[in-house]
Protein chains: 2
Amino acid sequence: MMAQDFGKRISKKKRQIVSTATDLFTKHGLKRVTVEEICQRAGASKMTFYKYFPNKMALFRHIMNGMIEDGYKKLYEIDAIDIPFREKMQKLIQYKIELGSKMNREFINEMLGPVPETMDFWQEIQVKNCQLFIDFVTKAQGRGDIRKMRPEFILAVFNKLLELILDEDLRKIYTDYAEFIREVNSFFFFGILPVEKQEHRE
Amino acid sequence: MMAQDFGKRISKKKRQIVSTATDLFTKHGLKRVTVEEICQRAGASKMTFYKYFPNKMALFRHIMNGMIEDGYKKLYEIDAIDIPFREKMQKLIQYKIELGSKMNREFINEMLGPVPETMDFWQEIQVKNCQLFIDFVTKAQGRGDIRKMRPEFILAVFNKLLELILDEDLRKIYTDYAEFIREVNSFFFFGILPVEKQEHRE
DNA sequence: AGAGATTTTACTATATTCGTATACATTATA
DNA sequence: TATAATGTATACGAATATAGTAAAATCTCT
């Protein structure tokens, strides 16, 4: 009787709904996208949609949570690898950049803009993400990889530098994109490396 | 009393409306974008909008016509330069590619999709564009730059090759993007160059 | 001050979207 | 085959959004 489904197999239709909705949301934002449109493109009927999600916002939350989850895993994964902290950071930045191309500020604003409900949700997410990153930094501090500064401050700086990387105009200055990234990365590092590990200090 | 405005100066607000609408339409398509949204982002009131355009579709047509106009000028401009036909073609392809990044198929489909009115309009545009390109080809044939083939056929091939260029997957095969373009271009040419001008013929 | 452009606010008719109810079709499996 | 589970088609009412208009207030020039 297949009973509980063993919690494993997620309905094909559900997956299709989620994936097409992800596409549409990241492209056009929450408000512009219609439940009916999602269903049409997913090749599912509206009834199926409401079988799996109570409403559009729930689907959206589901998707966002998935993204957070991915970020969580990624961060944990990176932290577990046995490489110098600096390389970990590099990997993290790389990941955030890839994410950033989808989750850019415009996209976020578009979602935050008109729907007040999303504001609170976004706050939630930010807080979660914060905590995660702060743990990451705290661990690194425990190992002496970075100076003892308020992790919250480091997070803020990190985010500001990410904004810098996503800045199209600045990017144009560099002929080589990789060089640009290295530049930011190295800047970030000579700011947070503990004194005893820094070679170029005046 | 500034009277007729001398037909020169287009109201700043109108220009802003047109430009923000162009942005929004190219990003999200006709249907997803709201008159109110355009006005808000353009910093204009709805009344101003309806002062200049009778409705959303009219604005859309205005924008599209502008693009056609640009294409017209560009083609004429390219045709007028005293360079080999092959280089003209290269320039034309370059231009179409730039345009293609905005006017991609997805965008077009999105507009054609739900609004039946746009279908007819798009037909109109296609016909105009066709005629233009066909003139271009006919002239070239008159000069002996290309073989005597039905211009309509050449247009069709040209468009197919453009689709090829915009194909992400194919693009990935080439490490150098310029090489890719050259490849397509050269393929196109050794297909249409008149026999006496071809060097590598079996 | 005075004319034209622009905004603000308020409003209506229309269209869209949401979410549900019902009856029907498909698939899988015991 | 019988029995569920899953999905579809269609239609529907209610809430909401949008288009487009009207009239009065405000702004911006000269």
So, using side chain to side chain donor-acceptor pair (under 3.5 Å) as the criterion, who are the partners of [X] when residues are at least two apart?
| X | value |
| --- | --- |
| B:Glu36 | B:Lys46 |
| B:Lys74 | none |
| A:Thr48 | A:Ser45 |

Summary of salt bridge (Lys or Arg N to Asp or Glu O under 4.0 Å) pairs that have at least one residue in residues 48-57 of chain A, sequence neighbours excluded:
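Residue pairs passing salt bridge (Lys or Arg N to Asp or Glu O under 4.0 Å), neighbours aside: none found.
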
Which nucleotides of nucleotides 6-21 of chain C have their base under 4.0 Å from a protein heavy atom (B), which only their sugar-phosphate (S), and which neither (-), written as one string 5' to 3'?
BBB--------SBBBB

Suppose we screen for ring pair (Phe, Tyr, Trp, His ring centres under 6.0 Å). Which residues come up paired with B:Tyr52, at least two apart in sequence or across chains?
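Here no residue qualifies.
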
Please list, chain by chain and in numerical order, all residues satisfying side chain to side chain contact (heavy atoms under 4.5 Å, CB included) with A:Asp135, sequence neighbours excluded.
A:Gln131

Output all residues satisfying side chain to side chain contact (heavy atoms under 4.5 Å, CB included) with B:Ile81, sequence neighbours left out; order by chain, then residue number.
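With sequence neighbours excluded, B:Ile81 shows a side chain to side chain contact (heavy atoms under 4.5 Å, CB included) to B:Ile83, B:Lys91, given in chain and number order.
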
Degree of bending, the helix from C:dA1-D:dT30 to C:dA30-D:dT1 (end axes from five pairs; round to 10°):
50°

